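First comes the structure, then the notes that go with it.
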Amino acid sequence: MPAKLARIAADRLGLIRARRPRIHVVTNTVAQTFTANALLAIGAVPSMTTAADEIGAFVAGADGLLVNLGTLEADRRGAIRIAIAAAEDKGIPWLLDPVFIDRSPARAAFARELAGLGPAAIRGNAAEIAALAEGEAIDALARRLGAVVAQTGESDHVTDGTRGLSVANGHPLMAKVTAMGCAGAAITTAFLTCGGEAAESVAAALLALGIAGEAAAEEARGPGTFAAAYLDALHGVDALELATRARLGPDLREKRS
């Protein structure tokens with residue numbers, strides 16, 4: 001199974017590098033630069049406007065959409081609704097990253113509203129997924145929403161409601177750099193543009209991200225040098241490295257998120 005997922009990741013990376021999909025990103029303001037650079041490093045193209053009078057056109061011409069709730073002023077809420085409507089109208093895959101919804105009831109309510117609008121995938125940490133699920137198991141949440149759900153952490157757990165997979169790659173330094181998760185969600189969105197099964201695309205993205213983190217850690221002296229090394233690792237990750245490093249972890253199906 002690790003070898004199969006590594007092959008899928010290599011295939012998706014090849015498609016991204018050949019096609020250069022544009023990913024429209026609505027994200028935390030502190031994450032924009034790193035996220036844009038991470039997308040460029042794997043071969044995708046970022047766009048990031050949140051202006052209500054143009055975001056619809058930007059999304060309509062994009063290949064994928066990331067909706068990250070990290071910065072959530074009233075104007076941005078309206079822009080997010082416009083962006084999602086444009087993505088749904090054009091059949092563009094979009095990913096919901098429900099950042100910090102465990103910290104704010106209002107933010108959690110908004111995330112639940114968006115989760116019902118048809119995301120291809122939802123990606124969050126254990127606290128965020130638990131807040132979204134409100135007591136449901138992670139696979140039950142995926143079935144109810146008709147979306148792939150990815151719960152990230154020491155191991156990353158992915159389910160489409162019927163099948164589950166856990167990726168064990170990664171490094172602790174990934175938690176020491178601002179925007180690492182935001183950039184990872186954008187890259188996962190790029191993987192979703194490649195077609196094929198969405199659960200496989202999400203798991204393959206998490207595998208590539210974790211392996212890039214491991215490779216970067218081998219070159220870094222600390223969080224500062226790790227951030228630069230991570231972009232280099234994303235740019236250079238290849239089929240051999242994916243196959244050599246791929247590790248799977250335990251499955252979370254039918255367990256509380």
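Since the structure is predicted, the reported quantities are computational estimates derived from the model, not experimental observations.
- In this structure, Arg245 CZ and Glu214 CD are separated by 5.5 Å, a value rounded to the nearest 0.5 Å.
- Ring geometry, Phe58 versus His24: the interplanar angle falls from 30° to 60°, so the pair is classed tilted.
- For the pair Arg123 and Glu128, the salt-bridge criterion is not met [side-chain N within less than 4.0 Å of a carboxylate O].
- Under the 4.5 Å side-chain heavy-atom criterion for ILVMFWY residues, a single connected hydrophobic cluster contains both Met174 and Val167.
- A 4.5 Å side-chain heavy-atom check between Leu114 and Ile84 finds at least one atom pair inside the cut-off.
- Applying the side chain to side chain donor-acceptor pair (under 3.5 Å) test to residues at least two apart or on different chains, the pairs with a partner in residues 201-210 are Arg12-Ser201.
- A donor-acceptor pair under 3.5 Å is formed between the side chain of Thr193 and the backbone N or O of Ala190.
- Rounding to the nearest 0.5 Å gives a distance of 11.0 Å between CG of Leu145 and CZ of Arg112.
- Contact annotation: the side chain of Val158 never approaches that of Ser166 to less than 4.5 Å [non-hydrogen atoms, C-beta and beyond].
- The side-chain heavy atoms of Thr178 and Phe34, taken from C-beta on, include no pair separated by under 4.5 Å.
- Residues Phe100 and Leu132 fall into different hydrophobic clusters, defined by Ile, Leu, Val, Met, Phe, Trp and Tyr side chains chained together at heavy-atom separations under 4.5 Å.
- No chain of hydrophobic side-chain contacts below 4.5 Å, direct or via other Ile, Leu, Val, Met, Phe, Trp or Tyr residues, connects Leu40 to Leu15.
- Under the salt bridge (Lys or Arg N to Asp or Glu O under 4.0 Å) criterion, no residue pair touches residues 28-46, with sequence neighbours excluded.
- A continuous path of hydrophobic side-chain contacts links Ile23 to Leu231 [ILVMFWY only; heavy atoms under 4.5 Å].
- Two residues are said to be in side-chain contact when any heavy atoms from C-beta on lie closer than 4.5 Å; Asp139 and Asp160 fail this criterion.
- Ile122 has its side chain out of reach of Leu95: every pair of non-hydrogen atoms, C-beta onward, lies at least 4.5 Å apart.
- At a threshold of 4.5 Å between non-hydrogen side-chain atoms, the residues Leu234 and Leu209 count as touching.
- With rounding to the nearest 0.5 Å, the separation of OH in Tyr230 from OG1 in Thr225 is 15.0 Å.
- For the salt bridge (Lys or Arg N to Asp or Glu O under 4.0 Å) condition, the pairs that include at least one residue of residues 55-81, sequence neighbours left out, are Glu73-Arg76, Arg81-Glu113.
- Between Leu13 atom CG and Ile187 atom CD1 the span is 9.0 Å, to the nearest 0.5 Å.
- When all heavy atoms of Glu136 and Ala140 are compared, the closest pair comes out as OE2-O, 3.7 Å.
- In this structure, the side chains of Val26 and Asn68 stay at 4.5 Å or more apart for every pair of heavy atoms.
- Two different hydrophobic clusters hold Leu141 and Val99 under the rule that ILVMFWY side chains link at heavy-atom gaps under 4.5 Å.
- No donor-acceptor contact under 3.5 angstrom links the side chains of Gln151 and Asp156, judged on distance only.
- Taking 4.5 Å as the limit, every side-chain heavy atom of Asp97 sits out of range of all side-chain heavy atoms of Leu69.
- Distance check, rounded to the nearest 0.5 Å: CG of Asn125 to CD of Glu154 gives 14.0 Å.
- Between the CD1 atom in Ile42 and the CZ atom in Arg20 there is a gap of 10.0 Å [rounded to 0.5 Å].
- Glu197 has a carboxylate O that lies under 4.0 Å from a charged side-chain N of Arg163, or vice versa, which qualifies the two as a salt bridge.
- Of the candidates Leu206, Leu248, Leu242, Leu248 is the only one forming a side-chain contact (heavy atoms from CB on, under 4.5 Å) with Leu5.
- Around atom CZ of Phe110, more than 12 heavy atoms belonging to other residues, nucleotides or ligands sit under 6.0 Å away.
- Among the candidates Thr50, Leu65, Leu72, the single residue satisfying the side-chain contact (heavy atoms from CB on, under 4.5 Å) test with Ile80 is Leu72.
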